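Computed from a predicted structure; not experimentally measured. Below, read A as the first sequence line, B as the second, and so on, with proteins coming before strands; counting in each chain starts at 1.
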Amino acid sequence: MRKKLEEIAPELLERKKKEEKKELEDLPDVNGPVRMRLAPSPSGPMHLGQSRMAILNDEYVKRYGGTLFLRIEDTNPHNILPEAYDMIPEDLEWLGVKIHQIVIQSDRFEIYYDYARKLLEMGKAYITTVPADEWRKLKAAGKPTPDRELSVEEQLERWEKMLGGEYEDGEAVYVVKTDLNHPNPAIRDWAAFRVIKDAEHPRVGNRYIVYPLMNFSVAVDDHELNLTHVLRGKDHLNNTYRQMYLYEYFQWKKPVYIHYGWVTMKDTILKTSLIKEGIRRGEFSGWDDPRLGTLRALAKRGIHPEAIRRYWIDVGLKSADIEFSWDNLYAYNREIIDSKAKRYFFVWNPREIEIRGIDAIESRAPYHPSKDMGFRHYTLKSPIRVLLVEDEWKSIDDGTLLRLKDLCNVVKRGNIGEYAGNDVSVIKRGAKIIHWCPTEGIETKVFMPDGTVYEGVSEPLVRESIGEVVQFERFGFCKIYYENGKIMGYFAHR
RNA sequence: GCUCCGGUAGUCUAGCCCGGCCAAGGAUAUCGGCCUUUCGAGCCGACGACCCGGGUUCAAAUCCCGGCCGGAGCACCA
């Protein structure tokens, strides 16, 4: 068939090429402005994985208009980094996510308590004093704890005792009734409040000893904030089912839930507890250590927030699990920074080489190969010495003609370079191009995301680009900092 | 074990709901060529996928059934 077509009508086989720019699919059931939320817990600054929900929610609120809440879920005092209350909004601002209102759950204990009491009065919850492991076993067998069917009065009494501090940590738990015979064991009666006396909450201190668990506070707040749409990872699917029981009991209107797939990030350090421990031990320099997957680390390396946004829009919110691709993120970032980044030379493991056969050379190297950004000028005078990458110089055979980029041609003679004119056409004839650095360059360290460090020298004019992303030619894009008289580069990508 | 969610090239994605325009599109990666005073960018090309098996149909990536594989949850974490 195809062969025939080729004979009869080859023009039909011509494919027109068009690049697609992916857009996010529409949200279902949108009637007017949307109300959505981000719900991080303040255990650390934001990382790449969390940026997905932030970007997607932000995109939709911007598309349809409405309100985006930042709800800080700080109902587990054992897992709070106090600085995170400020770090999270900072990270979101860097990402370009527009937050309309911040809600902090630790301000809302009384609201949760009100609903908890109502639910007890409705006979839809109970307080059990059965130890956790025993309770779990009973649930697995589909059996109630003895206190599940106590009267409402007795339950309310227990609730007051709980609030009054008469139970110690772990002695009493408030449980929402669902269905003990639910085929999915994850949905059967779930814990909603527990006693915590052994920790001080960074915001409310010891004012409360009964803390809500995530499923309860989330459902109450989603309802109280009148959310229209909830985007969450599909690891929360069972939590959604659990929360639906509260919606049914209280006859609340349900938001639209969308569960997107799981993202695995190979070789990326995201786990907050691990990072915290690493920082404490001095293994990581801080929350922005270039080896980490925090947004602060990416920012430090010169990854542009727009690249992250494009990446997550490209991925969308389908429910299949995916693997994160640094290559794709870097490609988007390169597209953004390539036309803006100035070019400089950075010579790692440098070796000084003398160029003989000429008294002085003028170098005129463009800041950018295609954009008009002017030139870096250097004048080298006899005795002319330049720095080259030692390994590269060693790998070149004696007598080879080389081009020192934007400087001159040279023939390798042992440890010196013999001046060989400045005719650029030698490149066409196959001369290898290498880069160099004047000896009065500035000491430079470049930190790679894998933890390795390149030490060397970069050209003195790099000082003009402190705080910017530059491209070290033949090396890659780096963001430039200045500390203690040295240039510090954080590597973004090639 | 129980429950749920998935499965399009190495990776990401379009198409699937509403079967035919799919000869499966795009991006990225890799490789090759051109261009370029960078190993960057650009241009051109190559590579490479509908998990498997049945069924329905004139026609299946798309609908149905069975299997296989992957992931998540079954916390007094979020």
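Residue Trp135(A) is classed as a sugar-phosphate contact, given heavy-atom separations below 4.0 Å to backbone atoms only. Contacts of Asp235(A) with the nucleic acid, taken as non-hydrogen atoms under 4.0 Å apart, involve only primed sugar atoms and P, OP1 or OP2.
Here C77(B) presents its P atom at 10 Å from CG of Asp169(A), a figure rounded to the nearest Å. Rounded to an integer number of Å, the gap from CE of Met244(A) to C1' of U3(B) is 17 Å.
For the strand RNA chain B, secondary-structure stems (runs of at least three Watson-Crick or G-U pairs, all distances below 3.5 Å) span B:1-7 with B:68-74, B:10-13 with B:25-28, B:30-34 with B:42-46, B:51-55 with B:63-67.
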Can you list the steps and then say if His182(A) with Asp179(A) is a side-chain hydrogen bond (donor to acceptor under 3.5 Å, both in side chains)?
-> CA-CA 5 Å; His182(A) 197 289; Asp179(A) 177 359; over 6 Å; no

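Taking the six-membered ring for Trp and thresholds of 30 and 60 degrees, Tyr112(A) and Phe109(A) have ring planes more than 60 degrees apart, a perpendicular arrangement.
You'll find the side chain of Ile104(A) reaches within 4.5 Å of the side chain of Tyr85(A), heavy atoms only.
The residues Glu392(A) and Arg474(A) are annotated as salt-bridged, a charged nitrogen and a carboxylate oxygen being separated by less than 4.0 angstrom.
Within the cation-pi definition used here (under 6.0 Å to the ring centroid, within 45° of the axis), Lys342(A) qualifies as a partner of Tyr367(A). Cation-pi check for Arg52(A) over Phe324(A) is not met; the charged atom does not lie both under 6.0 angstrom from the ring centroid and within 45 degrees of its normal. Figure legend: cation-pi geometry between Lys412(A) and Trp393(A), with NZ or CZ positioned under 6.0 Å from the six-membered ring centre and within 45° of its axis.
Side-chain N/O atoms of Lys318(A) include none lying less than 4.0 angstrom from OP1 or OP2 on C5(B). Contact annotation: Arg136(A) side-chain N/O to C76(B) OP1/OP2 distance is under 4.0 Å. Note on Thr264(A): every side-chain N or O is 4.0 Å or more away from OP1 and OP2 of G71(B).
Using atom P as the reference point in both C51(B) and U28(B), the two lie 24 Å apart (nearest Å). A gap of 15 Å separates the C1' atoms of G33(B) and C47(B), to the nearest Å. Nucleotides G67(B) and G10(B), compared at atom C1', are 27 Å apart to the nearest Å. Comparing the same atom, C1', in G7(B) and in C12(B) gives a spacing of 15 Å after rounding to whole Å. C63(B) and C16(B) are spaced 10 Å apart, taking the C1' atom of each and rounding to whole Å. Across C22(B) and A41(B), the matching P atoms stand 32 Å from one another, rounded to whole Å. Taking atom C1' in both C18(B) and U62(B), one finds a spacing of 10 Å when rounded to whole Å. For the P atoms, the distance linking C5(B) with G66(B) amounts to 14 Å, nearest Å.
Within the 3.5 Å criterion, the main-chain N or O of Phe345(A) finds a donor-acceptor partner in the side chain of Glu459(A). Using modelled atom types, no side-chain atom of Ser106(A) and backbone atom of Asp74(A) make a donor-acceptor pair closer than 3.5 Å.
Under the rule for a side-chain hydrogen bond (donor to acceptor under 3.5 Å, both in side chains), Tyr167(A) has no partner lying at least two apart in sequence or in another chain.
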Below 3.5 Å between N/O atoms, which protein atoms pair up with nucleotides 46-48 of chain B? Just atom names and distances, please.
none

